[in-house]
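The structure appears right after this line, and notes come after that.
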Amino acid sequence: MTTPFPYLGTAPDAIESLAHTRISCWVHCLRDALYATGLRETARALAQPVDFVIERTADGELLTLYGGLDADYHHPRFQRGLSAHWETSPDREAQALDLIHRELARGHAVPVSPDLRGMRHSEYYRIPRAGYPHTLLIHELGPHTALAADRNTRASSGFTDNRGAVPTDELRRGMAGAPVLVWDAAAPAADWADELYRLLERSVRRMTRPGMPEAGLAGLLALPGVLEDLEPHPARAQLLRLRVAGPLQRQVAGDRLLLARVLAEDTWLREQGPRATALAADCAELTRASSDALVDLARAVFLLGRSWSADALRLCGRRAHQVHALDVRAADRMSALAAYLR
């Protein structure tokens, strides 16, 4: 089995200058599935409102952080005629691959979130799941072998540039009762002006009036205290890496990266006159700077996990406040741009 498209590899990043290292795994899979059909402009469709949320379990334990790319994870909302929803595979292994077969027959590469504990190629092999499930892409499926694209693999997986083969039996067991992202790309039903306004308005509302105590701009200010509270945790290093640093770099930095790409490159905005062009440029610059600052914060958190110290904790605090300052300015500019477009 072979495929001409380099799913989840380095080459697709150049199509729209979007680094996949800053995009949630399920959005990354969807982006490349769209590229494989011939689409070359996905940023407008995939862009999400800027957001920041500290999510906890019912017992108050830190679960994860997420941004706009995952705020509507369970019920995805997109633009430009793109729609998607999660369907659950049958629990019985004999039918567990039915949804994948159905979607492949439609010509779609299929984002899936199997139980990875029994899939030997995955870095999550034999590791209990915590937080949101990881998503990989299936693009061919045979009786004995499936071709997959997965950016989280073990060194021994045999994958090259995030692509490789997995045993169909392992995939079947992992897919029993597991989610499949079913997607469609149709003609846009709404004007881009209305969709863009909603992206801006929702960004401002989520950051300035989030409705949750550890979300939006207030959540960014709360983050240093959340990190400090993890000091006595026996699995502190793992929590900081998997539930803080990783989500900051991908889920949170990603929504800013995508929206900055739209605002910086959008021809319709430039057609609205000098004022709209200037405001859009300001928004793009600030959201891109916020994305970069979040990656710097993620690196500081990773280092904190490797070697806890008061200095490392203070560095995390300074970088969180830097992101907050950028997002305050970005929210103000987005509010002005939304008002102008309205």
Side-chain angles (χ1 to χ4, degrees), residues 8 19-29 51-71 73-74 111-136 150-157 159 162 174 178-179 214-215 219-220 222-257 291 293-309 312-313 315-317 319-320 323:
L8 305 198
H20 72 261
T21 53
R22 297 195 195 181
I23 303 176
S24 297
C25 55
W26 71 283
V27 177
H28 185 196
C29 289
D51 204 353
F52 178 77
V53 178
I54 299 169
E55 185 173 9
R56 297 183 181 274
T57 67
D59 297 328
E61 182 181 352
L62 177 66
L63 179 63
T64 190
L65 311 180
Y66 65 83
L69 292 182
D70 296 283
Y73 170 84
H74 296 290
V112 298
S113 296
D115 183 342
L116 295 166
R117 291 174 296 178
M119 299 189 70
R120 288 168 292 174
H121 81 282
S122 175
E123 72 174 10
Y124 302 110
Y125 178 57
R126 294 181 174 175
I127 296 177
R129 195 185 83 192
Y132 286 89
H134 175 64
T135 302
L136 54 92
D150 189 349
R151 66 190 199 186
N152 291 83
T153 59
R154 304 167 75 199
S156 60
S157 67
F159 275 48
N162 292 337
E214 292 184 318
L220 288 167
L223 183 58
V226 173
L227 299 179
E228 187 173 4
D229 290 343
L230 291 176
E231 181 178 8
H233 199 289
R236 180 182 67 209
Q238 185 179 39
L239 287 177
L240 288 170
R241 180 171 64 90
L242 297 178
R243 302 193 189 186
V244 182
L248 281 172
Q249 179 170 318
R250 291 177 173 173
Q251 283 87 338
V252 187
D255 63 23
R256 289 146 177 83
L257 180 72
S291 180
L294 281 159
V295 173
D296 288 341
L297 172 58
R299 290 172 180 150
V301 171
F302 179 77
L303 292 175
L304 178 68
R306 294 188 67 178
S307 180
W308 185 280
S309 71
L313 184 61
L315 176 61
C316 292
R319 291 190 172 173
V323 175

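Just so it is clear, the model here is predicted, and its values are computed rather than measured.
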Please check if atom [atom1] in [X] has more than 12 non-hydrogen atoms from other residues, nucleotides or ligands closer than 6.0 Å.
| X | atom1 | result |
| --- | --- | --- |
| R56 | CZ | yes |
| R236 | CZ | yes |
| E123 | CD | yes |

Starting at [atom1] of [X], measure out to [atom2] of [Y] and round the result to the nearest 0.5 Å.
| X | Y | atom1 | atom2 | value |
| --- | --- | --- | --- | --- |
| Q249 | S291 | CD | OG | 9.0 Å |
| T64 | L239 | OG1 | CG | 10.5 Å |
| T153 | L116 | OG1 | CG | 11.5 Å |
| T21 | I23 | OG1 | CD1 | 8.0 Å |

Looking only at heavy atoms, what is the nearest atom pair of [X] and [Y], with distance?
| X | Y | value |
| --- | --- | --- |
| C25 | P133 | SG-O, 4.5 Å |
| L69 | R22 | CD1-O, 4.4 Å |
| L248 | F52 | CD2-CE1, 4.0 Å |
| G246 | Q251 | O-OE1, 3.7 Å |
| V295 | A253 | CG2-CB, 4.2 Å |
| L313 | L304 | N-CD1, 3.7 Å |

Is there a donor-acceptor contact under 3.5 Å from the side chain of [X] to the main chain of [Y]?
| X | Y | answer |
| --- | --- | --- |
| D115 | R117 | yes |
| S309 | A312 | yes |
| R120 | Y125 | no |

Using side-chain heavy atoms (C-beta onward) and a distance below 4.5 Å, is [X] in contact with [Y]?
| X | Y | result |
| --- | --- | --- |
| N162 | H20 | yes |
| H134 | D150 | yes |
| V112 | L136 | yes |

Can you list everything that forms a side-chain contact (heavy atoms from CB on, under 4.5 Å) with R250? Sequence neighbours excluded, please. R151, N152

Which residues pass the side-chain contact (heavy atoms from CB on, under 4.5 Å) test with C29, sequence neighbours left out?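 C29 satisfies side-chain contact (heavy atoms from CB on, under 4.5 Å) with L8, P111, T135, L137 only.
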
Residues forming a ring pair (Phe, Tyr, Trp, His ring centres under 6.0 Å) with Y73, sequence neighbours excluded: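 Residues passing ring pair (Phe, Tyr, Trp, His ring centres under 6.0 Å) with Y73: W26, W86, Y132.
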
By ring pair (Phe, Tyr, Trp, His ring centres under 6.0 Å) - contacts of F159 (at least two apart):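 H121.
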
Once side chain to side chain donor-acceptor pair (under 3.5 Å) is applied, do any residues pair with R299, and if so which ones, sequence neighbours excluded?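 Testing R299 for side chain to side chain donor-acceptor pair (under 3.5 Å), a comparison that skips the adjacent residues, returns D296.
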
Which pairs would a plain distance check flag for residues 223-235, meaning a side-chain donor or acceptor within less than 3.5 Å of a matching protein atom at least two apart in sequence or in another chain?
from, atom 1, to, atom 2, distance (Å)
E231, OE2, W308, NE1, 3.4
H233, ND1, A235, N, 3.0

